[in-house]
Structure formats: structure tokens, C-alpha cells
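Here's the structure we're looking at; comments come further down.
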There are 2 protein chains.
Amino acid sequence: MSTTKPRKATQVAEHLGRLLASGHWPLGTRLPAERQLAEQLAVSRPSVREALQQLISKGMLESRVGGGTYVLSSKPIGFSDPLLTLFRENPEYRFDVLEIRHALEGNAAWYAALRSTDEDKERIRVCFEQMLAVHGDPDPMQEARADASFHLAIVEGSHNLVLLHVMRSLFDLLQNSISHNLDKLYTQPRVFEPLSQQHRELMEAVLAGEPERARQAAEQHLAFVEDSLKSIDADEARKLRSLRHLSR
Amino acid sequence: MSTTKPRKATQVAEHLGRLLASGHWPLGTRLPAERQLAEQLAVSRPSVREALQQLISKGMLESRVGGGTYVLSSKPIGFSDPLLTLFRENPEYRFDVLEIRHALEGNAAWYAALRSTDEDKERIRVCFEQMLAVHGDPDPMQEARADASFHLAIVEGSHNLVLLHVMRSLFDLLQNSISHNLDKLYTQPRVFEPLSQQHRELMEAVLAGEPERARQAAEQHLAFVEDSLKSIDADEARKLRSLRHLSR
DNA sequence: ATCAGTTAATTGGTAATACCAATTAACTAT
DNA sequence: ATAGTTAATTGGTATTACCAATTAACTGAT
């Protein structure tokens, strides 16, 4: 590939990538057909196919023979295909992610308390309010997304770009796999109330610029999430067992 | 894509991916031409192109017009293209990575001390010996790779798969960009000697199954690496300034 | 009007062929 | 041995044709 003349296929991929990132085609949308895209973009169909291949390979699109091409994600998936597959098939790896979050978010909260600008702080506040506003939504994934946005706003306040990327990838991993009991965090009052208080404490520590308090708040929060998920898993397993007992 | 009949292009990409992972084509190797691959694999050239596109998009291969296709990496790059580009163009983001390693490797060392099997411990020992054996090699990247292998062996001992993946991606990120003064860590005796002692202390803490000692060893080591790189950067900047002064 | 079955159209996947621009290899002259 | 020229090779793009799978449209029966 010459540096003086960009590949048409690459240009098409970048153009489509920008449309995806901008939300022009929301998740699940069916894209125009290859022949149509080729005509609209004034390139040949093989060039469109090669561009689509790039985006399919990054986990952003999915093609179905005779059925069209669909949006899977507006951003490249940050983890390799085998890990994503493994994660989808083995939900217990959620606890691996929680272990990592425990280490990273304590650290992020520390740096956010030290480094956040006024804009960062405002964004954290807005995200916290958004979490409260979206509580009780029929679609629990809305709450999960608001929760992720809140945490990512804190990571943004740490001003460590690589950390932000890693955390985004971890949240993508959680959201792109089937959310195994994750919704229960938001729908059980015995979990949501303390959860919400912990979010508030974390936010207040960061806004007050108290790094050690922020770290502790983050670590306690993650420990609580881990314990709650384990307890929810146990409850669900018990329910399943008793349902099986009834059906005999 | 039907689940009953895999795409030819995907099969070719997987086949090539296995050849890459097995080391059949080492880093930098030029692959056979597209026409040749198409003949060898009994598929059409467009199918080969689509397969190559998948691997190019994952950062594993690079194509040059008229010049062939080359191996960039034997594994998919775990980070998205924009971050990789940004990292290559702005070496100061190394310090973002070091901040993250500080958090993650302290954690990994803790769990490795708790969870390592005898096999894990043996692998850690072998990697440590390998680091000593390769010291002074004319190619400092050999030492960087041995260093990475040692740290990854410890992460493997933590038995957290997602953490292993994240750490691999971070090391790939460091090694796939121009190694800005990284070689100086191994070539300056005032740095290498304490570095080697710290590696030994970290290994011994993990092997002895002492989690708190292991965490401290890891964190102190990463702090030393960070300080050393900053000091080396300052030395190099001073040298550059005095060279500029002489050339006037 | 609704539903089921059939047919036609559309879609992504594959292949063959041709040509172009860039690079590499081979050849020739000094 | 080196420099310049030519030929061959390479990746990139385009056109055309065909196939398998899916979707849409149409028709007939209830």
C-alpha cells in the first residue's frame, strides 16, 4: 500500500466506520446491499466487499448470505475473537473481569480524584443523574449501559488514555455477551439501594479531590458487585433446582 | 453466512492464522503471492484477498502494492488501530501503560502467589533463567521479549484468563511500536542490576506463596521501571541538546 | 380477510478475466 | 561493479457471470 494513494477499500471502510460511530446506523440495523453501496460510493462491488470484510473482521458488522449485512457494534471490539467466543460460552469469566476491574478502577478513581477537570466532574455528575433517571426502565440493559457510562466517565477523569481503552474494551466484552444475571443488580432493591449509595460516595470522593477516599470507594463498590453477583447466581441456581424438583 | 457451510474466505483466513500462530512464517516474512496462494489452496484469488483482508485488518499482515504481503504479528493485535497509531506517534503514552501495569501486576502477583501450580512455578523459573541467559544479546529486543515472557508467566500463574489477555495486549502494544529508549533498561548496568534483583525477589515471593510480599515486589519493580525510563528520557534529551549545541 | 404454498427477486459468496499502478527482478551497456 | 532500461511480478480495481440462501411478492384455498 503506497502512502501517496490510499486504497479505495480502506477509504470505504473508514467512511462506513464513521457512519457507524456517529450512530447513523444503530445497533441491529440492516445496511444497504453491497451492489447498492457500490453504486452510491462509485466503486466496484469487490472493493465494497473488501471494505465490509475489514469491518466484519473487527466485529462491527455481520453478514448473512442472501439476508444482508447487520450492525453488531459501532466501535471495533477490543478483544480478539477467541476470547469473545470463550466469554460468551462461559459466563463465569465475568468474575475474572471483576478481579481486573477491582485493580483498575481503584487506580482510576485515585487518579481521577487527582486529575479531573471541571468538565470531567460535570460529566461524572451528568452520568450519575442519568443512572438514577433510567432506574426501573423495562430494559435492564439501559441501566447497565448507564452504569458503564458512569464508570467510564471516572476513568476519563484519570487522563490515562490506554486505561480508558482497556476499560471500554472490558465493558464492551460484558455487554456483547449474554448478560448472565447482570440485570438482577438493578431490579433487586436489596442490591440497588446500596449500589446507588456506593456510586454516590465514589462520585463525591472524586469531585472532592480525595484520592484515597476515592480508591476505597471504588474497591468497596467492586467487592460489593462481586459478592452480589455470586449471591444472585446462588439464588438462581437454587430456583432452578427447585423448579426441576417440581417438574418430576 | 449459513452455519452449515463455512465461507471459503473465512476458512482460508483461519488456515493462514494457524500457520502464523505456529511460527511457520516468522515476523517480517513475505508470504507467497495472492495468485500463488489461490492456486495452492484451490480457491479463487478474490477469496484469498478477502481472507488476507481479515488478517490485515487484525494487524497481523501488511500488504504492499507490487511488493508482496508481510507478517506483522503472529496474533491479532488486541487494541484498535487508532490506539496503536496514536501510541506509535506519541511514545509518552508508555507511561500510561506503566500506570496500568502498576495496578494490574501487583494484583497478578498477589493471585499468582495464591494460585500458582507447580507447572506455573517451573515456567516462571525457566523464564527468569532465560532472561539472565539472553542478557547482553546484541539485539536488545531479545531482552525485552524475555522480560515480557517472565511477567506473562506470572500473570499465567494468577489463573485469570481475561487478565492474561489484557497483559498480552499491553506487551504487544509496547513491542509493536518503536521502542523508545526501552533498550536502555537492559544495557545500563546501573539499571539492569537492580532490575534483575527485583525480578528475582518477585519470583521468589511468588514461588514462596507469599501474596503480600509478591504484590509489594511487583509494585516496587514497576515504580523503579517508571523512574528509570523517566531518568533515561531526561539523559537522552540532555545528550540531544548538547549535540545540537556542538553542531552550531 | 387471512394463511399457506409457490414463484420471482434480491442478497451475499465465489469465480474468471482484464487491466492498472507499483515494485522487483533480470538484462544490458559502461 | 554500477547505473539505466526493460520485462515480469505483485497488489488493487473493475466487470461479468453464476450459485446458494433468503426475502418479497403473488396466487389460491379457506
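When reading the values below, keep in mind they use all heavy atoms of this one structure, side chains included, and skip hydrogens, waters and symmetry mates. So that the names make sense, note that chain A is the first sequence line, chain B the second, and so on, each numbered from 1.
A:Asp120 and A:Arg123 are joined by a salt bridge, as a carboxylate oxygen and a charged side-chain nitrogen come within less than 4.0 angstrom of each other. Comment: B:Asp233 does not engage B:Lys230 in a salt bridge, judged by the lack of any side-chain N to carboxylate O separation of less than 4.0 angstrom.
Considering only side-chain N and O atoms, B:Thr69 lies nowhere under 4.0 angstrom from the phosphate OP1 or OP2 of D:dT10. A sub-4.0 Å separation between OP1 or OP2 of D:dG12 and a side-chain N or O of A:Arg7 is present. Within the structure, a side-chain polar atom (N or O) of A:Ser47 is placed less than 4.0 Å from OP1 or OP2 of D:dA14.
Counting non-hydrogen atoms of neighbouring residues, nucleotides and ligands closer than 6.0 angstrom, the CD atom of B:Glu119 reaches no more than 12 such neighbours.
Between the P atom of C:dT14 and the CZ atom of B:Arg45 lies a distance of 16 Å, rounded to the nearest Å. Rounded to whole angstrom, the span from the CZ atom of A:Arg49 across to the P atom of C:dA15 amounts to 11 Å. With rounding to whole Å, A:Gln11 atom CD is found 13 Å from D:dG12 atom P.
Of the candidate nucleotides D:dG12, C:dG13, C:dA15, D:dG12 has the atom nearest to the side chain of B:Ser63. The side chain of B:Lys8 has C:dT14 as its nearest neighbour among C:dT14, C:dG12, D:dT23.
The nearest heavy atom of DNA chain C to B:Ser44 and to B:Arg30 marks one nucleotide each, and the one closer to the 5' end goes with B:Ser44. Residue whose closest nucleotide on DNA chain D sits further toward the 5' end, between A:Val43 and A:Arg35: A:Val43.
A search for salt bridge (Lys or Arg N to Asp or Glu O under 4.0 Å) contacts involving B:Arg49 returns A:Glu50, B:Glu34, not counting sequence neighbours.
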